[in-house]
Number of protein chains: 2
Amino acid sequence: MVREPLGEEAAAELSRMFKALSDPIRLRLLSLIASHEGGEACVCDLIGPFGVSQPTISHHLKVLREAGLVGSERRGTWVYYWVLPEALAKLSALLEIPAVSAKAPA
Amino acid sequence: MVREPLGEEAAAELSRMFKALSDPIRLRLLSLIASHEGGEACVCDLIGPFGVSQPTISHHLKVLREAGLVGSERRGTWVYYWVLPEALAKLSALLEIPAVSAKAPA
DNA sequence: GACTTGTTTCGACGTCTGTCGATACAGTCG
DNA sequence: CGACTGTATCGACAGACGTCGAAACAAGTC
């Protein structure tokens with residue numbers, strides 16, 4: 001991000017990922033999935049903690065999935081979700097600012 | 001993010017920052033500012049590269065500023081913007097997934 | 001097959017967001 | 001002061017987004 005200006009296409013793809021993270025419920029969902037035992041969670045584990053309806057949770061999970069941040073699989077009755085670490089690593093690396101090139105914080 | 005589920009307040013604050021990054025033009029603005037000589041850029045350097053009007057750029061800069069991602073200062077005729085590295089570092093750290101706890105990538 | 005539980009999709013609604021042109025504000029120069 | 005340049009704000013509009021209840025789909029059980 002610091003070395004050279006982001007190209008139009010790269011910015012478009014990255015902004016789609018950040019958009020998926022721009023909702024508090026989706027952030028908490030991601031965190032809940034990532035911190036869940038085994039690194040994955042069933043949808044049924046995710047509908048409790050939030051004050052929204054189950055279809056809304058399903059919608060948010062779809063957004064995370066289409067952004068490439070999580071993977072999902074049906075195993076019998078339940079659907080499981082897990083975080084795709086490569087995607088998060090990509091975003092994390094983008095936001096790393098070499099201390100040298102940044103103006104000193106106020 | 002992996003160690004424990006994000007709290008409601010933390011998620012709200014972080015989602016505001018990610019929302020600021022969820023627009024391709026804002027991402028490119030941020031990158032343009034960060035990669036600019038001296039780590040800061042005048043607004044007049046930023047209105048050229050995009051196919052949108054000057055008020056729109058000004059609006060996007062305001063969003064970045066209110067999200068705490070950039071600082072700004074008027075110096076004479078021009079207004080300068082620079083990246084606040086602490087904010088980006090905070091987001092970057094959040095997205096770092098310890099390889100151990102993540103499910104292996106497909 | 002019929003019933004039950006878990007999950008997704010659909011359709012609708014109000015709200016938020018990105019964009020613009022017009023306008024206001026800030027500072028510089030005659 | 002008056003004109004001019006750089007930047008921010010305002011008001012309006014179309015489109016996207018988060019949410020819900022209802023309904024559809026999937027898989028297991030009787």
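In this structure, a donor-acceptor pair under 3.5 Å is present between the side chains of A/Ser92 and B/Ser92.
Nearest approach of A/Trp78 to A/Cys42, heavy atoms of both residues: CD1-SG, 3.4 Å. Among all heavy-atom pairs drawn from A/Leu69 and A/Ala87, the shortest one is CD2-CB, 3.8 Å.
Side chain of B/Ser15 to main chain of B/Ala11: a donor-acceptor pair is present (N/O by atom type, distance under 3.5 Å, no hydrogens or angles).
Residues of residues 52-65 of chain B having a heavy atom closer than 4.0 Å to DNA chain D, listed by number: B/Gln54, B/Pro55, B/Ser58, B/Lys62. Of the residues in residues 13-30 of chain A, those lying under 4.0 Å from DNA chain D by heavy-atom distance are A/Lys19, A/Asp23, A/Ile25, A/Arg26. Contacts between residues 41-50 of chain A and DNA chain C, counted as heavy-atom distances below 4.0 Å, involve A/Cys42, A/Val43, A/Cys44.
Between B/Lys19 and B/Glu66, none of the side-chain N atoms (NZ, or NE/NH1/NH2) sits under 4.0 Å from a carboxylate O, so this pair counts as no salt bridge.
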Sub-3.5 Å pairs of nitrogen or oxygen atoms, protein against nucleotides 24-28 of chain C:
none

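With contacts defined as side-chain heavy-atom distances shorter than 4.5 Å, the pair B/Tyr81/B/Glu40 does not qualify. A/Leu88 places a side-chain heavy atom less than 4.5 Å from the side chain of B/Met1. Counting heavy atoms from C-beta on, the side chains of B/Leu61 and B/Val43 come closer than 4.5 Å. For the pair B/Glu73/B/Val79, no side-chain contact is recorded, criterion being any heavy-atom separation below 4.5 Å from C-beta on. Side-chain atoms of A/Leu94 and A/Leu14, non-hydrogen and from C-beta on, do get closer than 4.5 Å to each other. Side-chain contact between A/Pro5 and B/Ser31: present, with at least one pair of heavy atoms (C-beta onward) separated by less than 4.5 Å. Counting heavy atoms from C-beta on, the side chains of A/Ile33 and A/Tyr80 never come closer than 4.5 Å.
Closest-nucleotide positions on DNA chain D for B/Val79 and A/Gly51 were compared, and the one nearer the 5' end corresponds to B/Val79.
Heavy atoms of B/Tyr81 sit under 4.0 angstrom from primed sugar atoms or phosphate atoms, though from no base atom.
Partners of A/His59 under the side-chain contact (heavy atoms from CB on, under 4.5 Å) rule, at least two apart in sequence or in another chain, are A/Val63.
Here the range on DNA chain D touched by chain B, meaning any atom under 4.0 Å from one of its heavy atoms, is D/dG6 to D/dT9.
From B/Ile25, atom CD1 reaches atom CD1 of B/Ile57 across 5.5 Å, with rounding to the nearest 0.5 Å.
With A/Leu27 as the partner, the side-chain contact (heavy atoms from CB on, under 4.5 Å) test is satisfied by one option alone out of A/Leu21, A/Leu64, A/Leu32: A/Leu21.
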